[in-house]
Amino acid sequence: MKRAPTHSYPGLNLGRRHASADKASEVVTFGFWVFLMSDLVYFGLMFAIYITMIDAQAGGPGPHDLFNMTSIFAQTLILLTSSLTVGLAMLALKYNLPRWRIVFWFSVTLVLGICFLVLEIRDFMDMAEKGGIPQRSGFLSAFYGLVPLHGVHVAAGCLWLVVLGIQLRVFGLTDLVMSRVVRLALFWHFLDLIWIGIITIVYFGGLTYG
Amino acid sequence: MDKRSEMHRREQRRYVIGYGGSLLLTGTVFTIAYVFGIETKGVYLAIAMLGLAQLVVQLVYFLHIDRRRSSREDLDLILFSVLVLLIIILGTVWIMGNLAVRMHTYPM
């Protein structure tokens, strides 16, 4: 395989054309990776609690009564697609495509993120209707500690997209704004990774062992 | 076609490959769950393995983490965090499971 040109820092990067922005964001991007990894440890703790709590249903509704796998499938596809679109926004930036392309992919990502949140909240409301509220059992407390935590991250990502969209408009493609786009893309891909953990452990694991 | 747009195309293809791979793995997972049911541990093992594969696909194709020298620092950071995470999770499950067995709340 041919070696990619400048890779001054690992993972996503802006490339030779934006060398100054690339240089400026080298340290912050690594720092952002450190943040992501500590966030990962936080999520890991919540996963550990969930795993130990799977049996603690206290006679309340369990995974088979509560989980709507069709909705989970839809949410998975939506989040996966949004991961692609944020990547395409990142590429549009890296290769100096017209700015509307970046804004377009940002908007698609934002819409997908909001769709994901709407479906997720609808699921939670369905669960609550069936008696699946956080205070019902240890299992449900652990569930509501973990899955909405991911949802809050997605909501923060959506807010970030909006703020960055405004910054793109007001400041234009400055080095700082570009390095922020890189970090947003990292964050968004990271949320997709966590979601894979959630469907595998929380949903499928819950259905198997719950 | 100049070199830049050729590179752009190549990187774009990389994202699309990652997306396709993830879609395929997601589809397989849900198909397995739908066809075989999710009650048995063998099926769950298959689902967990496919989930792991999907994590790797996304790390490589979306986050561009691989064994190239330039991304090695990050790989080290990720691997170390995963080590910490595994100690936390497996340790918790081990201890709490053992405790549950001793308290006779969980069948041996």
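We name chains A, B, ... by the order of the sequence lines, and we start the count at 1 in each one. These numbers were taken from a predicted model, which means no experiment stands behind them.
- Of residues 71-87 of chain A, those residues lying under 4.5 Å from chain B by any heavy-atom pair are I72(A), F73(A), T76(A), L77(A), L80(A), T81(A), S83(A), L84(A), G87(A).
- By the 4.5 Å heavy-atom criterion applied to side chains, E11(B) and K94(A) are counted as neighbours.
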**OP:** Decide yes or no on side-chain contact (heavy atoms from CB on, under 4.5 Å) for F30(A) and D74(B), but give the supporting numbers first.
**Re:** CA-CA 8 Å; F30(A) 187 74; D74(B) 258 35; 3.5 Å; yes
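- Listed options V41(A), I49(A), I199(A), L45(A) were ranked by heavy-atom pairs under 4.5 angstrom with chain B; first place goes to V41(A).
- By a heavy-atom distance cut of under 4.5 Å, not one residue of residues 106-116 of chain A is near chain B.
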Please tabulate, for the side chains in residues 42-55 of chain B, all donor-acceptor contacts under 3.5 angstrom to protein atoms that are two or more places apart in sequence or on a different chain.
{"from": "Y44(B)", "atom 1": "OH", "to": "T200(A)", "atom 2": "O", "distance (Å)": "2.9"}
{"from": "Q54(B)", "atom 1": "OE1", "to": "T26(B)", "atom 2": "OG1", "distance (Å)": "3.3"}
{"from": "Q54(B)", "atom 1": "NE2", "to": "T26(B)", "atom 2": "OG1", "distance (Å)": "3.3"}

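- The contact between I51(A) and chain B is made entirely by side chain atoms (from C-beta outward), counting heavy-atom distances below 4.5 Å.
- Counting only heavy atoms from C-beta outward, the side chains of L63(B) and W33(A) approach each other to under 4.5 Å.
- R99(A) CZ: more than 12 foreign heavy atoms inside a 6.0 Å radius.
- The most heavy-atom pairs under 4.5 Å with chain B, out of L193(A), L207(A), L40(A), come from L193(A).
- Taken to the nearest 0.5 Å, the NE2 atom of H189(A) stands 4.5 Å off from the OH atom of Y15(B).
- By number of non-hydrogen pairs under 4.5 angstrom with chain A, the leading residue of Q58(B), Q12(B), H8(B) is H8(B).
- Within the 4.5 angstrom heavy-atom criterion, no atom of L36(A) approaches chain B.
- Here the closest heavy-atom approach between residue T208(A) and residue I38(B) is recorded as OG1-O, 3.0 Å.
- In terms of heavy atoms, M69(A) sits closest to F30(B) at O-CE2, 4.0 Å.
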Which pairs would a plain distance check flag for residues 78-97 of chain B, meaning a side-chain donor or acceptor within less than 3.5 Å of a matching protein atom at least two apart in sequence or in another chain?
{"from": "S81(B)", "atom 1": "OG", "to": "L77(B)", "atom 2": "O", "distance (Å)": "2.8"}
{"from": "T92(B)", "atom 1": "OG1", "to": "I88(B)", "atom 2": "O", "distance (Å)": "2.5"}

